[in-house]
Amino acid sequence: MKQYVFVFYTDHPKGSMWEETIHAAGMMEAFLKAKKLLAAYEKEKQASVRVQYKGVRYHSIDIA
């Protein structure tokens, strides 16, 4: 499982910026989850929220 990192931010003058880490098996799953988060944040904040893909982190899996 990989961790996909997305940056969410608002455009208004008192804009805020935050990162979200999404656990997903692939890029498409991560983008679908980010899209759902984006819709939830826009509804919560009553403002336009933008999202930007930042990168991916890989888990090191300990099998032992």
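- Hydrophobic clustering, with ILVMFWY side chains joined whenever heavy atoms are under 4.5 angstrom apart, keeps F6 apart from L32.
- Centroid-to-centroid, the aromatic rings of Y41 and W18 come within less than 6.0 Å.
- Legend: residues meeting side chain to side chain contact (heavy atoms under 4.5 Å, CB included) with Q46, ordered by chain and number and at least two apart, are absent.
- What you find for A24 and A30 is that their closest heavy atoms are CB-N, 3.7 Å.
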Notebook entry, point to check: Can you list the steps and then say if E20 with F8 is a side-chain contact (heavy atoms from CB on, under 4.5 Å)?
Noted result: CA-CA 7 Å; E20 288 287 339; F8 291 86; 3.6 Å; yes

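- By the salt bridge (charged side-chain N to carboxylate O under 4.0 Å, His left out) test, K54 is found to be paired with E19, residues two or more places apart in sequence or in another chain being considered.
- With rounding to the nearest 0.5 angstrom, the NE2 atom of H23 is 8.5 Å from the CE atom of M1.
- Following chains of ILVMFWY side-chain contacts shorter than 4.5 Å, one cannot reach V7 starting from V56, and the two form parts of different hydrophobic clusters.
- E29 meets the salt bridge (charged side-chain N to carboxylate O under 4.0 Å, His left out) test with K33; sequence neighbours excluded.
- The closest side-chain heavy-atom distance from D11 to R50 is below 4.5 Å.
- Judged as a side chain to side chain contact (heavy atoms under 4.5 Å, CB included), and not counting sequence neighbours, K36 has no contacts.
- Shown here are the side chain to side chain contact (heavy atoms under 4.5 Å, CB included) partners of Q52, two or more places apart in sequence or in another chain: Y9.
- With sequence neighbours excluded, no residue satisfies side chain to side chain donor-acceptor pair (under 3.5 Å) with K45.
- Partners of Y4 according to the side chain to side chain donor-acceptor pair (under 3.5 Å) rule, which considers only residues two or more places apart in sequence or in another chain, do not exist here.
- Here the closest non-hydrogen pair linking I22 and L37 is CD1-CD1, 4.0 Å.
- Here S48 pairs with E42 under the side chain to side chain contact (heavy atoms under 4.5 Å, CB included) rule; sequence neighbours left out.
- Although no hydrogens or angles enter the test, the distance criterion places no donor-acceptor pair under 3.5 Å between the side chain of T21 and the main chain of V5.
- No path of Ile, Leu, Val, Met, Phe, Trp and Tyr side chains, each step under 4.5 Å between heavy atoms, connects M28 with Y58, placing them in separate hydrophobic clusters.
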